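To keep things clear, I will list the structure first and then write my remarks on it.
Since the structure is predicted, the reported quantities are computational estimates derived from the model, not experimental observations. Protein chains get the first letters and strands the later ones, always in sequence-line order, with residue 1 at the start of each. Values reported hereafter were calculated over all heavy atoms of this structure, with side chains retained and with hydrogens, waters and symmetry mates removed.
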Protein chains: 2
Amino acid sequence: MTAPLMAVTVDLVILTVRSGELCVLLVRRGVPPFRGHLALPGGYVLPDEDLLAAAERELREETGLGDIHLEQLATYGHPGRDPRGRTVTVAHLALAPHAGAPTAGTDAAEAQWLPVAEAMAEDLAFDHDVILRDGVERARAKLEYSSLGAAFCPPEFTVGQLREVYEAVWGERLDPRNFHRKVTKTPGFLEETGATSNTEPGRPAKLYRRGPVEQLNPPITR
Amino acid sequence: MTAPLMAVTVDLVILTVRSGELCVLLVRRGVPPFRGHLALPGGYVLPDEDLLAAAERELREETGLGDIHLEQLATYGHPGRDPRGRTVTVAHLALAPHAGAPTAGTDAAEAQWLPVAEAMAEDLAFDHDVILRDGVERARAKLEYSSLGAAFCPPEFTVGQLREVYEAVWGERLDPRNFHRKVTKTPGFLEETGATSNTEPGRPAKLYRRGPVEQLNPPITR
DNA sequence: TAAATAGTGTCTCTAAGACACTATCAT
DNA sequence: ATGATAGTGTCTTAGAGACACTATTTA
């Protein structure tokens with residue numbers, strides 16, 4: 001038996017938090033199929049390129065940023081998902097701090113941040129509605145048992161900023177006092193920088209950076 | 001730009017519990033590359049076949065059983081992973097009750113259940129050592145927050161059998177009394193059949209079947 | 001001053017873990 | 001009878017959630 005050959009792509013669900021809302025980076029397609037529709041950024045995997053490397057390349061092309069959390073999400077290969085022919089896409093999930101340029105890209109058509117609620121109401125290209133839904137679900141779950149909430153924050157941040165991330169991703173209000181106690185008492189989650197932030201009214205908040213711990217135990221409950 | 005084409009396969013990490021040990025189904029390769037090495041069962045995705053359908057087909061071919069829990073695990077596509085040429089494999093995880101035939105298969109070479117500890121010490125074909133490790137890790141995590149432990153059990157089972165599954169997968173002893181209270185008090189996890197099992201010495205145990213709940217909250221802690 | 005955010009302390013309730021105790025079988 | 005497994009109750013402790021209270025800033 002000879003192996004059937006297929007096109008392999010990577011698609012990216014790049015999430016960030018902008019003014020208290022969870023947003024996803026979408027591009028408008030300038031060529032068929034699905035010309036004019038919004039789509040997740042992505043592209044073909046090169047013949048000698050690793051899957052993660054392909055995703056990193058696309059991420060750099062779209063956001064111009066490196067050092068962003070990137071992980072494989074899932075693979076979608078329904079035979080009819082691309083009218084041009086059999087295409088299997090390995091979707092990845094990226095979590096970017098708001099610092100990430102609101103748009104950028106050289107070859108990408110207009111790239112834009114869209115609140116996920118609006119993005120899910122759009123008629124996205126291919127099966128990108130399913131991929132987006134799965135990516136958001138994964139992000140929501142990850143905040144519970146990993147320290148990845150900090151991946152949405154700049155290198156130094158306050159507990160208040162981190163809480164806003166959690167509230168945006170989960171779409172729920174959290175008690176600021178219990179949240180504070182919880183994250184500061186979890187060893188290895190946050191490291192004090194010694195500095196304080198005082199841009200807001202109110203008592204200046206201590207600045208933290210990400211600690212070494214990846215898995216949170218016990219988890220932050222929703 | 002024209003799309004580079006690649007071979008796409010599915011590989012299966014099929015786990016079961018046999019006499020208190022977590023075991024994986026492996027086949028011995030009869031053809032190069034890696035002739036004579038043990039490997040995960042798998043094969044090419046057909047031109048018009050969905051990924052999950054391909055995994056289901058391979059699973060039937062290997063175990064002869066349907067109605068087994070099957071989910072996508074991750075996708076592995078390092079450029080050098082198959083010496084025959086660029087091949088991307090979508091790995092799947094299956095959890096089988098011990099009822100599953102110890103071996104079977106028509107075209108598969110000798111298929112055998114091997115304890116995962118031994119399998120991980122073997123020199124598996126391709127990158128199957130990595131895939132196996134990821135599959136076992138996923139299974140261990142899933143037992144905590146999902147009701148999938150029951151996927152290793154026959155349709156009707158006792159709390160004691162379910163506990164043996166947890167102990168085998170996690171490689172830890174659990175307190176029978178606390179475990180019993182935990183699983184029977186979680187609404188929707190187990191449903192009483194009304195019957196009892198009395199094959200063992202000791203007080204007859206109630207028989208249960210899987211309940212409708214998929215996510216366990218709170219989780220069963222390791 | 002008031003308003004706003006940061007951070008601590010305290011109470012209640014739930015659930016995990018340890019383990020004594022009872023129940024019902026095989027031998 | 002003994003030994004084994006099933007199942008319940010009870011105690012202690014950790015942590016979640018609610019929320020009163022203090023601390024430190026801007027306007």
Within this structure, what is the CG-to-C1' distance between B:Leu190 and D:dA6, rounded to whole angstrom?
15 Å

Only pairs under 3.5 Å count here: list side-chain donor-acceptor contacts from residues 150-161 of chain A, not counting sequence neighbours, and write none if there are none.
residue  : atom : partner  : partner atom : Å
A:Thr158 : OG1  : A:Gly160 : N            : 3.4
A:Thr158 : OG1  : A:Gln161 : N            : 3.1
A:Gln161 : OE1  : A:Thr158 : N            : 2.9

Going by the rule side chain to side chain donor-acceptor pair (under 3.5 Å), which residues pair with A:Arg181 if we only count those two or more places apart in sequence or in a different chain?
A:Asn178

With sequence neighbours excluded, tell me which residues meet ring-ring contact (aromatic ring centres under 6.0 Å, His included) with B:Phe189.
none

Without decimals, in angstroms, what is the distance between B:Lys185 NZ and C:dT14 C1'?
13 Å

With sequence neighbours excluded, tell me which residues meet salt bridge (Lys or Arg N to Asp or Glu O under 4.0 Å) with B:Glu122.
none

List for me each residue that meets salt bridge (Lys or Arg N to Asp or Glu O under 4.0 Å) alongside A:Glu164, sequence neighbours excluded, and say none if there are none.
none

With B:Glu56, which residues qualify under salt bridge (Lys or Arg N to Asp or Glu O under 4.0 Å), at least two apart?
none

Donor-acceptor pairs under 3.5 Å, side chain of residues 204-222 of chain B to any protein atom, not counting sequence neighbours: which ones?
residue  : atom : partner  : partner atom : Å
B:Arg210 : NH2  : B:Ser147 : OG           : 3.4
B:Arg222 : NE   : B:Glu144 : OE2          : 2.9
B:Arg222 : NH2  : B:Glu144 : OE2          : 2.6

Would you indicate, yes or no, if C:dG7 has its OP1 or OP2 atom less than 4.0 angstrom from a side-chain nitrogen or oxygen of A:His180?
yes

Report yes if the side chains of B:Val45 and A:Val88 come closer than 4.5 Å at any heavy-atom pair, otherwise no.
no

I need the minimum non-hydrogen distance between B:Glu58 and B:Gly43, along with the two atoms involved.
OE2-CA, 3.5 Å

Please list residues of residues 141-150 of chain B whose heavy atoms come under 4.0 Å from any atom in DNA chain D, ordered by number; otherwise none.
none

Could you pull out all residues at least two apart from B:Arg140 that satisfy salt bridge (Lys or Arg N to Asp or Glu O under 4.0 Å)?
none

Do you know which two heavy atoms are closest between A:Leu148 and A:Leu143, and how far apart they sit?
C-CD2, 4.0 Å

Can you list, by residue number, the residues of residues 157-179 of chain A that have a non-hydrogen atom closer than 4.0 angstrom to DNA chain D?
A:Asp175, A:Arg177, A:Asn178

Can you measure from CG (A:Leu12) to CG (A:Leu26) and round to the nearest 0.5 angstrom?
11.5 Å

At a heavy-atom distance below 4.0 Å, what parts of residues 205-222 of chain B sit against DNA chain C?
B:Pro218, B:Pro219, B:Thr221

If you measure only the distance, is there a donor-acceptor pair under 3.5 Å linking the side chains of B:Asp11 and B:Tyr76?
no

What's touching nucleotides 22-27 of chain D from the protein side, N or O pairs under 3.5 Å?
residue : atom : partner  : partner atom : Å
D:dA23  : O4'  : A:Arg203 : NH1          : 3.2
D:dT24  : O2   : A:Arg203 : N            : 3.0
D:dT25  : O2   : A:Gly202 : N            : 3.0

